Amino acid sequence: MCEKCNKKPYYITTAIAYTSRKPHIGNSYEIVLTDAIARYKRMQGYDVFFQTGTDEHGQKIEMYAQSEGCSPKEYVDKISGEIRDICDVLNTSYDYFIRTTDPQHEKTVQKIFKKLYEQGDIYKGSYEGLYCTPCESFWTETQLVDGKCPDCGREVKPTKEEAYFLRLSKYQKQLEEYIESHPDFIYPESRKKEMLNNFIKPGLQDLCVSRTSFKWGIPVDFDPNHVVYVWIDALSNYITSLGYDPDGSSEKYKKYWPADAHIVGKDIVRFHTIYWPIMLMALGQPLPKQVFGHPWLLFGEDKMSKSRGNVIYADELVKLIGVDAVRYYLLSEMPFGNDGSASYETIIERFNSDLANTLGNLVNRTIAMNNKYFDGIVQAPTCPEPLDDELKQFCLDTVKKVDDCITSFHISDALETVMSLAKRCNKYIDETAPWVLAKDEAKRERLGTVLYDLLEAIRYVAVLLLPFMPDTHTNILSQLNCDIADYDSLAEFGKTVAGTKLGEPVPLFVRIDPEKLYEEIVEMQRANAAEEKAIEEIEEEIPEIPIDDFAKCDIRVGEVKACEKIKKSKKLLKFNIFDGSGERTIVSGIAKFYQPEDLVGKKILFVSNLKPVKLCGVESRGMILSAVEGEGDDERLQVLTIEGMPAGSKIC
């Protein structure tokens, strides 16, 4: 308990983002998720410290900086700034943004490394193994999957160098006993079983914690040929920011540590539940109370990757649909235990159905009815009926359900629970039919009671939306002209003050035109894919794929029978293609390079077995193959054509 503010401290962190490149919207899920929990805990009266930040050292950063002709520090300054900007665009309420290039962090990491070395938990040796540069990880032959990195699937290279090692093996039994005696330390249960059965119980190997093959890192001060490797550098951020020091820690550290929750992606649970706890054990410090490993947000069934052309950035989507809509989508689309699946169709569907129709329409028509029938003055609930009790209990039950969900990290379920209350309010409107009551002067008190209960229920919705959609929370309360928004006010139904003059109803969310939005997204995708191409070449060679993967693509010869521009798009052409057995429509974004008549009569190559997709209202069943070089004003594109083969011929 904080003596000054009489609040219980609560410390929550995200993993710090690696400054290799600007994060896509899938990466942004974690910061919004953590922000929702932090805001909720503040609502409940906790003294919250919410930390995020950037991990800025390593060989990969050296490579990126060299490719851009700048120093590593200049490179990470740029990327860290972009990451922080996205946190701000998404309206996240972090209290501290740490950078691992911060002088205080670097100084403390050197002290930590030296302390562990002097007490024998770090020792000097040499490493010979297989190294994945993109993941900056060493692997043994037995850990590889099909001869490649088990984390990213890329090629690994034999590496040998002098290094310092952390004695993980020394603490294996202690860690195993701790995890088994603290059942909530690793959450959910599936992640705990994975760590115990796949990594800890088979036996921990000592961990390489320094490197000599690159220089962009924190120097080992007593052996300057070495830099501190990522694990001790990055993981220490959770305590260096609070003022931990082996020679004597700050009051802030004593107040907030141990952390209540580390929120991390499922792919880095191992580092946070094995390496990090052992480091803390060796330092004689308490372990964090809980590590929650969240799933990934996929695009369809794939991880988001700009090289696949399936990425959009959070700040770009905010420009299209607004910050609270993006936050709502990220939080509602991710189930608790499984990966979420993002698509443009679901973005539009959730916006129009949940936000514009269910929530927006509820608030708008309720305030409009009260303004119409009572000149905007909130009436006292003087004519209750049993039906009202159902709505009141639903409100009270919603508060409890939301708390249960957030406490167990079921964030999408918590948000769904709030939206269920909005749906119940809409049902209550149908059940009570205020427009019918308004026709009978004798039922005026009943009408006033119905609208009071609706306005009070909407206040519940507004207060509970604060962690998820803070701007919408404020907007609704502003239209209600209500300043009773504290969490404790939800303990009893009926806090809305009769006699209050409501504001004017303003739509919270205006329905999206799907075709217009889709065209804007496609344009963003093209720009992102072009930007990514050079970056991917730095990181890895073009990946090899099995012949079976290539064989899945059914490439055919098609004859262009007709072609026309799509009226709603400047980029798209609609082709009628004869594929040997019949005609199909294919939409292609090549209007910049061809007039509709240019390809009529030509034999072109196309992928015939792609899943159909609608572009500007036209179903496209395939993809025309083209060659492209350059970008921007210098970009050239040529459709691949073939002569002497009939339509329907298969390319193999």
Side-chain angles (χ1 to χ4, degrees), residues 16 18-19 53-63 65 71-73 75-76 98-129 131 133 135-138 159-172 174-175 204-250 252-253 257 271-272 274-287:
I16 52 176
Y18 195 50
T19 49
T54 45
D55 172 13
E56 303 184 15
H57 293 121
Q59 186 175 19
K60 190 157 56 170
I61 299 298
E62 272 192 349
M63 294 168 58
S71 70
K73 184 61 166 64
Y75 184 84
V76 297
I98 190 170
R99 299 181 58 185
T100 57
T101 53
D102 291 341
Q104 184 58 43
H105 172 81
E106 293 186 340
K107 180 180 177 182
T108 306
V109 166
Q110 287 179 319
K111 285 188 174 184
I112 290 172
F113 195 98
K114 188 173 184 179
K115 175 181 173 63
L116 295 178
Y117 175 73
E118 289 177 344
Q119 66 189 34
D121 287 308
I122 286 179
Y123 64 92
K124 193 173 187 178
S126 62
Y127 192 92
E128 184 171 4
Y131 185 67
T133 299
C135 292
E136 301 200 51
S137 297
F138 286 104
T159 302
K160 182 177 181 179
E161 63 181 277
E162 181 183 82
Y164 286 90
F165 293 83
L166 176 64
R167 296 185 191 274
L168 297 185
S169 53
K170 174 182 174 181
Y171 293 92
Q172 175 175 334
Q174 184 179 342
L175 177 62
L204 294 177
Q205 296 183 340
D206 292 348
L207 179 69
C208 175
V209 291
S210 79
R211 298 296 304 278
T212 59
S213 57
F214 60 89
K215 295 299 182 183
W216 181 239
I218 300 172
V220 175
D221 55 358
F222 57 86
D223 194 346
N225 289 329
H226 290 253
V227 295
V228 179
Y229 195 30
V230 59
W231 314 123
I232 289 182
D233 176 7
L235 291 167
S236 296
N237 89 89
Y238 303 120
I239 57 177
T240 63
S241 61
L242 297 176
Y244 169 78
D245 190 307
D247 297 331
S249 299
S250 70
K252 186 176 183 180
Y253 175 76
W257 191 259
F271 311 138
H272 286 80
I274 299 177
Y275 304 166
W276 179 224
I278 287 177
M279 286 171 55
L280 290 166
M281 288 175 175
L283 291 170
Q285 299 301 309
L287 272 57

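Since this is a predicted model, take the numbers as computed values, not measurements.
Considering all non-hydrogen atoms of both residues, His57 and Ile218 come closest at CE1-CG1, 3.5 Å. Taking all atoms of both residues into account, the shortest heavy-atom contact from Cys208 to Trp231 is O-CD1, 3.5 Å. The heavy-atom pair separating Asn237 from Ala234 by the smallest distance is ND2-O, 2.7 Å. Listed here is the closest heavy atom pair of Thr100 and Glu106: O-CG, 3.5 Å.
For the atom pair CG (Leu280) and CG (Leu175), the distance works out to 11.0 Å, reported to the nearest 0.5 Å. Interatomic distance, Leu242 CG to Ser250 OG, rounded to the nearest 0.5 Å: 6.5 Å. One finds the CG atom of Leu166 at 11.5 Å from the OG atom of Ser210 (value rounded to the nearest 0.5 Å). Of the inter-residue distances, the one linking Gln285 atom CD with Tyr253 atom OH reads 3.5 Å to the nearest 0.5 angstrom. From Lys124, atom NZ reaches atom CG of Asp223 across 4.0 Å, with rounding to the nearest 0.5 Å.
Residues Phe113 and Asp233 are not in side-chain contact: their nearest non-hydrogen atoms beyond the backbone lie 4.5 Å or more apart. Considering only heavy atoms from C-beta on, Lys115 comes within 4.5 Å of Gln119 through its side chain. Counting only heavy atoms from C-beta outward, the side chains of Val227 and Trp216 never approach each other to under 4.5 Å. At least one side-chain heavy atom of Arg99 sits less than 4.5 Å from a side-chain heavy atom of Val76. Between Tyr244 and Ile112, some side-chain heavy-atom pair lies under the 4.5 Å cut-off. Within the 4.5 Å cutoff, the side chain of Leu204 has heavy atoms near those of the Ile278 side chain.
Proximity of a side-chain donor or acceptor of Arg167 to a complementary backbone N or O of Gly120 within less than 3.5 Å is detected. Glu62 contributes a side-chain N or O that, together with a main-chain N or O of Lys215, makes up a donor-acceptor pair within less than 3.5 Å. Looking only at distances, a side-chain donor or acceptor of Thr19 sits under 3.5 Å from a matching main-chain atom of Asp55. With hydrogens and angles ignored, the 3.5 Å screen pairs no side-chain donor or acceptor of Gln104 with any backbone N or O of Thr240.
With sequence neighbours left out, His272 forms a side-chain hydrogen bond (donor to acceptor under 3.5 Å, both in side chains) with Tyr238. Looking at residues two or more places apart in sequence or on another chain, you find a side-chain hydrogen bond (donor to acceptor under 3.5 Å, both in side chains) between Tyr171 and Asp121.
Annotation for Lys252: atom NZ counts as buried by contact number, over 12 foreign heavy atoms lying within 6.0 Å. Heavy atoms from other residues, nucleotides or ligands lying under 6.0 Å from CD of Gln205 number 12 at most. Enclosure of atom NZ in Lys73 by more than 12 non-hydrogen atoms of other residues, nucleotides or ligands within 6.0 angstrom is indicated.
A donor and an acceptor atom, one from each side chain of Tyr131 and Glu161, are nowhere located under 3.5 Å apart. Side-chain atoms of Ser169 and Asp206 include a donor-acceptor pair closer than 3.5 Å.
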Start with the C-alpha gap between Leu207 and Tyr229, add the side-chain angles, then the distance that decides, and say whether side-chain contact (heavy atoms from CB on, under 4.5 Å) holds. CA-CA 10 Å; Leu207 179 69; Tyr229 195 30; over 6 Å; no

side-chain contact (heavy atoms from CB on, under 4.5 Å) for Ile98 and His105? Distances and angles first, verdict last. CA-CA 9 Å; Ile98 190 170; His105 172 81; 4.2 Å; yes

Show, in sequence, the C-alpha distance, side-chain angles and deciding distance for Leu283 and Leu116, and conclude whether the side-chain contact (heavy atoms from CB on, under 4.5 Å) test is met. CA-CA 7 Å; Leu283 291 170; Leu116 295 178; 3.8 Å; yes

Please evaluate residues Lys170 and Met281 with respect to the criterion side-chain contact (heavy atoms from CB on, under 4.5 Å), reporting the C-alpha separation (whole Å), side-chain torsions for both, the decisive distance (0.1 Å), and the verdict. CA-CA 11 Å; Lys170 174 182 174 181; Met281 288 175 175; over 6 Å; no

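Between Trp276 and Trp257, the two ring planes are perpendicular [angle over 60°; tilted spans 30° to 60°]. Below 30°, between 30° and 60°, or above 60°: for Tyr117 and Phe222 the angle between ring planes is below 30°, a parallel geometry.
Of the residues Ile122, Val220, Val230, the one that meets the side chain to side chain contact (heavy atoms under 4.5 Å, CB included) test with Val209 is Ile122.
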